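Data block below; observations after.
All chains are named by letter (A, B, ...) in the order of the sequence lines, taking the proteins before the strands, and each is independently numbered beginning at 1. All values reported here derive from a predicted model rather than from experimental measurement.
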There are 2 protein chains.
Amino acid sequence: MPVNCCRKKKGNQNNLDEINMEKEITIVNEQRLIKLLKQNSLSITDSRKKILQLFLEQNGALAHGDIERKAGEKFDRVTVYRTLQVFVDKGIIHTIPTADNSIRYALCKDECGEGHHHDHHVHFVCNSCNNTYCLDDVVTPGIKLPKGYSANHVEVVVEGVCKNCQ
Amino acid sequence: MPVNCCRKKKGNQNNLDEINMEKEITIVNEQRLIKLLKQNSLSITDSRKKILQLFLEQNGALAHGDIERKAGEKFDRVTVYRTLQVFVDKGIIHTIPTADNSIRYALCKDECGEGHHHDHHVHFVCNSCNNTYCLDDVVTPGIKLPKGYSANHVEVVVEGVCKNCQ
DNA sequence: TATCTTTTGCAACATTGTTGCTTTTTTTAT
DNA sequence: ATAAAAAAAGCAACAATGTTGCAAAAGATA
């Protein structure tokens with residue numbers, strides 16, 4: 001019920017201390033996680049909260065393996081597969097193709113919904129730290145195709161060295 | 001030695017008829033295959049010839065699975081993996097990342113060589129026939145990256161409906 | 001043709017992804 | 001709050017994909 005994750009309030013997190021003594025960030029996110037799941041008419045389960053949290057805490061994209069490693073001790077491999085699939089279907093995360101045959105997943109911006117993704121940004125893979133980032137502000141360019149071809153979606157993946165690794 | 005695959009001559013293929021009664025195209029390619037392998041200082045083996053032939057005969061790109069199916073009765077799975085790896089290393093073929101986690105391979109144009117690929121064209125995946133094509137004439141656009149990022153390579157994959165499926 | 005080098009096939013294994021079914025958890029309606 | 005219904009998780013078994021070491025076979029070299 002208390003959905004105040006976006007409104008600034010100062011020093012009012014103490015009422016939650018007795019419920020959960022873990023890091024503050026966890027508590028804050030708990031609200032956001034539940035809200036996000038409800039918005040997508042998904043039932044609230046531990047694995048969905050945990051995996052969604054990984055994405056919210058993560059700057060870049062996550063490969064299935066990453067998620068399995070970070071959440072795998074608590075959850076079955078199959079659950080991770082199914083959860084990611086549900087998130088993709090609902091438009092919560094999107095996939096990023098990479099050259100090494102390991103699909104990465106990253107959070108969608110709010111325009112995506114069930115059955116329709118609208119991620120028109122460029123993806124960046126750093127050859128140094130091997131992270132994958134969504135460059136949300138870099139819009140995919142239009143591609144002029146030969147006669148007879150029509151495009152549904154354009155995916156651009158740039159490889160190089162990221163901001164942090166220069 | 002007879003390296004005349006590119007020069008036009010008329011009606012001179014009969015001298016090969018007694019050696020191999022199979023389809024003409026096979027004979028012609030045999031010369032080309034050997035030439036190509038030698039150019040890349042690779043030893044001439046049945047599997048390399050066969051797999052290279054698949055690429056030369058194929059308009060679009062091939063997934064590992066395709067190749068295994070088409071050449072798999074004669075060759076071991078491991079050989080297919082190793083052959084593709086060698087071809088990529090030598091700059092004979094290049095990889096195309098796709099959203100379904102199945103890397104495709106396609107022939108490189110001559111500018112590629114050992115250790116350096118120069119494939120600057122756009123790739124096209126048809127949602128109807130599921131083929132992947134190199135659009136050799138469509139050059140990858142320049143992408144303006146945020147401050148701090150530097151690009152080594154830009155990969156563009158367009159999804160849509162191809163010429164043949166419209 | 002004999003020798004040396006490279007490649008292949010095989011076996012075994014590791015990783016990744018899928019499916020069916022039972023148990024557990026979550027939701028919904030009392 | 002509780003019981004019934006619905007959804008999700010876990011488990012096991014399997015399928016597909018990819019890797020490695022080594023012995024046998026094929027190719028290159030002289």
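Protein atom CG of L37(A) is 13 Å distant from nucleotide atom C1' of dT26(C), rounded to whole Å. To the nearest angstrom, P of dT25(C) lies 9 Å from CG of D46(A). The CD atom of E68(B) sits 15 Å away from the P atom of dT8(C) (whole-angstrom rounding). Atom-to-atom, NZ of K49(A) to C1' of dT26(C) comes out at 11 Å; the value is rounded to the nearest Å. For the pair L42(B) CG and dT5(C) P, the interatomic distance rounds to 19 Å; values are reported in whole Å. Taking atom NE2 of H64(A) as the reference point, atom P of dA14(C) lies 18 Å away to the nearest angstrom.
Listed for the R48(B) side chain is a donor-acceptor partner under 3.5 Å among the backbone atoms of S43(B). Side chain of N40(B) to main chain of L37(B): no donor-acceptor pair is present (N/O by atom type, distance under 3.5 Å, no hydrogens or angles). Between the H94(B) side chain and the A106(B) main chain, a donor and an acceptor come within less than 3.5 Å of each other.
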Are E155(B) and H123(B) close enough, and set up right, to give a side chain to side chain contact (heavy atoms under 4.5 Å, CB included), and what steps lead you there?
CA-CA 8 Å; E155(B) 179 73 43; H123(B) 291 115; 2.7 Å; yes
Applying side chain to side chain contact (heavy atoms under 4.5 Å, CB included) to R82(A) and V78(A), what does each step give before you reach the verdict?
CA-CA 6 Å; R82(A) 291 200 266 229; V78(A) 178; 3.1 Å; yes
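Evaluation of the salt bridge (charged side-chain N to carboxylate O under 4.0 Å, His left out) rule for K90(B) yields E114(B) as partners, not counting sequence neighbours.
Taking a 4.0 Å limit (strictly below) on heavy-atom distances, residues 76-87 of chain B reaches DNA chain C at D76(B), V78(B), T79(B), R82(B).
In summary, contact between chain B and DNA chain D, defined as any nucleotide atom under 4.0 Å from a heavy atom of the protein, begins and ends at dT17(D) to dA28(D) in the 5' to 3' direction.
Between dT7(C) and S43(B), a contact under 4.0 Å exists linking OP1 or OP2 to a side-chain N or O.
Side-chain contact between R32(B) and K35(B): absent, with no pair of heavy atoms (C-beta onward) separated by less than 4.5 Å.
The NZ atom of K70(A) lies 8.5 Å from the CD atom of E57(A); values are rounded to the nearest 0.5 Å. If you take CD on E30(A) and CD1 on I44(A), they are separated by 9.0 Å, rounding to the nearest 0.5 Å.
When heavy atoms are screened at a 4.0 angstrom cut-off, S47(A) is found touching the sugar-phosphate backbone but no base atom.
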